[in-house]
Undergrad: 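Next up is a structure, given as structure tokens.
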Amino acid sequence: QVQLVESGGGLVQAGGSLRLSCVASGRFFSSYAMGWFRQAPGKEREFVAAIARSGTRRYYADSVKGRFTISRDNAKNTVYLQMNSLKPEDTAVYYCAANPVSNILTISIKIGEYDYWGQGTQVTVSS
């Protein structure tokens, strides 16, 4: 089992940047495909970005492609989400999630594929 704790959220002006971090406790962090999701008020949780165990494969939602970058440091049990050129529509609670997979290249983009979730961190982008 793994516990996930997100940090790095906050209030930023449109066009600004934030870097979210998600630290995993427990063992075998490198055994998990990782993802970031977000949920805006009154909306369903949606996929943002995912990264394979190896870190060599990444996938992004169209809405963030070219602006957000997901990365991981398996030695530090941490996954990151670098968010640039932020827009007001990026305002949401951001969650990281972990999916235990055997294939080091597996990407998970569906909510139901993830077994473990963090508590979320609020990102607010002002116009």
Side-chain angles (χ1 to χ4, degrees):
Q1 191 169 358
V2 62
Q3 290 79 44
L4 305 172
V5 179
E6 303 97 334
S7 63
L11 174 63
V12 63
Q13 289 188 333
S17 298
L18 283 174
R19 188 176 82 154
L20 305 183
S21 299
C22 172
V23 179
S25 63
R27 301 173 66 185
F28 308 122
F29 174 73
S30 60
S31 298
Y32 296 90
M34 300 298 294
W36 286 96
F37 292 76
R38 66 186 182 186
Q39 188 166 16
K43 295 188 177 181
E44 294 186 350
R45 192 169 299 189
E46 65 176 5
F47 168 76
V48 174
I51 189 166
R53 285 175 49 192
S54 65
T56 57
R57 287 192 69 208
R58 310 174 189 188
Y59 190 80
Y60 299 92
D62 288 343
S63 58
V64 307
K65 200 172 296 183
R67 300 188 297 123
F68 290 11
T69 302
I70 187 171
S71 62
R72 66 188 295 161
D73 185 338
N74 287 341
K76 295 183 178 180
N77 283 13
T78 303
V79 62
Y80 304 97
L81 186 68
Q82 178 66 44
M83 305 186 295
N84 298 329
S85 302
L86 283 162
K87 305 175 181 179
E89 51 263 44
D90 294 319
T91 295
V93 177
Y94 283 71
Y95 300 90
C96 72
N99 176 24
V101 295
S102 57
N103 189 322
I104 62 172
L105 298 178
T106 296
I107 292 286
S108 302
I109 66 172
K110 297 181 180 179
I111 291 173
E113 294 178 310
Y114 287 88
D115 290 347
Y116 305 103
W117 293 83
Q119 82 291 345
T121 185
Q122 176 70 46
V123 171
T124 303
V125 185
S126 63
S127 57

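None of the values given here were measured: they were computed from a predicted structure. The residues of the chain are indexed from 1 along the displayed sequence.
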Undergrad: Would Tyr80 end up clustered with Ile51 when hydrophobic side chains under 4.5 Å apart are linked, directly or stepwise?
TA: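 Looking at the clustering, Ile51 is in a separate group from Tyr80.
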
Undergrad: Please answer whether the main-chain N or O of Arg19 pairs with a side-chain N or O of Gln82 as donor and acceptor at a distance below 3.5 Å.
TA: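 No, because the side chain of Gln82 does not come within donor-acceptor range (under 3.5 Å) of the backbone of Arg19.
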
Undergrad: Output all residues satisfying salt bridge (charged side-chain N to carboxylate O under 4.0 Å, His left out) with Arg57, sequence neighbours left out; order by chain, then residue number.
TA: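 None.
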
Undergrad: To check you understand the geometry: which heavy-atom pair defines the closest contact between Tyr32 and Pro100, and what is its length?
TA: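 In terms of heavy atoms, the two residues are closest at CD2-N, 3.5 Å.
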
Undergrad: Can a donor-acceptor pair be found, under 3.5 Å and without considering hydrogens, that links the side chain of Arg72 to the backbone of Gly55?
TA: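 The answer is no, because no donor-acceptor pair under 3.5 Å joins these two groups.
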
Undergrad: Do you know the tightest heavy-atom contact between Asn99 and Ser108?
TA: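 Shortest heavy-atom separation between Asn99 and Ser108 comes out as ND2-OG, 2.7 Å.
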
Undergrad: Under a 4.5 Å cut-off applied to non-hydrogen side-chain atoms, are Val123 and Met83 in contact?
TA: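 The answer is yes; the side chains approach within 4.5 Å.
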
Undergrad: Calculate, to the nearest 0.5 Å, the distance between atoms SG and CD belonging to Cys22 and Glu6 respectively.
TA: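 That separation rounds to 5.0 Å.
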
Undergrad: Rounded to the nearest 0.5 Å, what separates atom CZ in Arg38 from atom CD in Gln122?
TA: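 Going from the CZ atom of Arg38 to the CD atom of Gln122 covers 12.0 Å.
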
Undergrad: Regarding Lys65 and Asp62, does a basic nitrogen lie under 4.0 Å from an acidic carboxylate oxygen?
TA: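 Yes.
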
Undergrad: Is it the case that one hydrophobic cluster holds both Val23 and Phe29, taking links as side-chain heavy atoms less than 4.5 Å apart, direct or via other members?
TA: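 No.
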
Undergrad: Could you check whether Ser25 and Gln3, counting side-chain N and O atoms only, form a donor-acceptor pair closer than 3.5 Å?
TA: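 Yes, side-chain donor-acceptor contact under 3.5 Å.
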
Undergrad: Measure the spacing between OG1 of Thr78 and CG of Leu4 and express it to the nearest 0.5 Å.
TA: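 Thr78 OG1 to Leu4 CG: 10.5 Å, rounded to 0.5 Å.
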
Undergrad: Heavy atoms only: give me the nearest Tyr94-Leu81 pair and the separation to one decimal.
TA: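 Looks like CD2-CD2, 4.1 Å.
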
Undergrad: Starting from the C-alpha separation in whole Å, work towards a yes-or-no answer on side chain to side chain contact (heavy atoms under 4.5 Å, CB included) for Val12 and Ser17.
TA: CA-CA 7 Å; Val12 63; Ser17 298; over 6 Å; no

Undergrad: As a quick check of understanding, evaluate side chain to side chain contact (heavy atoms under 4.5 Å, CB included) for Arg53 and Val101, giving each step before the final call.
TA: CA-CA 8 Å; Arg53 285 175 49 192; Val101 295; 3.6 Å; yes

Undergrad: Which heavy atom of Asn77 sits nearest to which heavy atom of Gly26, and what is that distance?
TA: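 Heavy atoms only, the tightest pair is ND2-O, 3.5 Å.
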
Undergrad: Is a side-chain donor or acceptor of Thr124 paired with a backbone partner of Thr91 at a separation under 3.5 angstrom?
TA: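 Flag not set: sc Thr124 to bb Thr91 has no pair under 3.5 Å.
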
Undergrad: Is it possible for you to say whether Tyr116 and Met34 belong to one hydrophobic cluster, with membership spreading through side-chain heavy-atom contacts below 4.5 Å?
TA: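 The answer is yes; both residues are in one hydrophobic cluster.
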
Undergrad: Can any side-chain N or O of Arg58 pair as donor or acceptor with the backbone N or O of Ile70 at less than 3.5 Å?
TA: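 Present.
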
Undergrad: How far apart are the closest heavy atoms of Asn74 and Ser30, and which atoms are they?
TA: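 Heavy-atom minimum between the residues: ND2-CB, 3.7 Å.
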
Undergrad: Looking only at heavy atoms, which two atoms of Ser71 and Val79 are closest? And how far apart?
TA: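 Where Ser71 meets Val79 most closely, the heavy atoms are O-CG2, 3.1 Å.
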
Undergrad: Indicate yes or no for a side-chain donor-acceptor contact from Gln119 to the backbone of Val5 under 3.5 Å, with no hydrogens or angles considered.
TA: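 A pair under 3.5 Å: no.
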
Undergrad: Under 4.5 Å between side-chain heavy atoms, chaining through other members, with only Ile, Leu, Val, Met, Phe, Trp and Tyr counted: pull out the rest of the cluster around Phe47, sorted by chain and number.
TA: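 When side chains under 4.5 Å apart are linked, the cluster holding Phe47 also contains Phe37, Tyr59, Val93, Tyr95, Ile107, Ile109, Ile111, Tyr114, Trp117.
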
Undergrad: Keeping the roles fixed (side chain from Thr56, backbone from Ser54), state whether a donor-acceptor pair exists under 3.5 Å.
TA: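 Side chain of Thr56 to backbone of Ser54, a donor-acceptor pair under 3.5 Å: no, none is there.
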
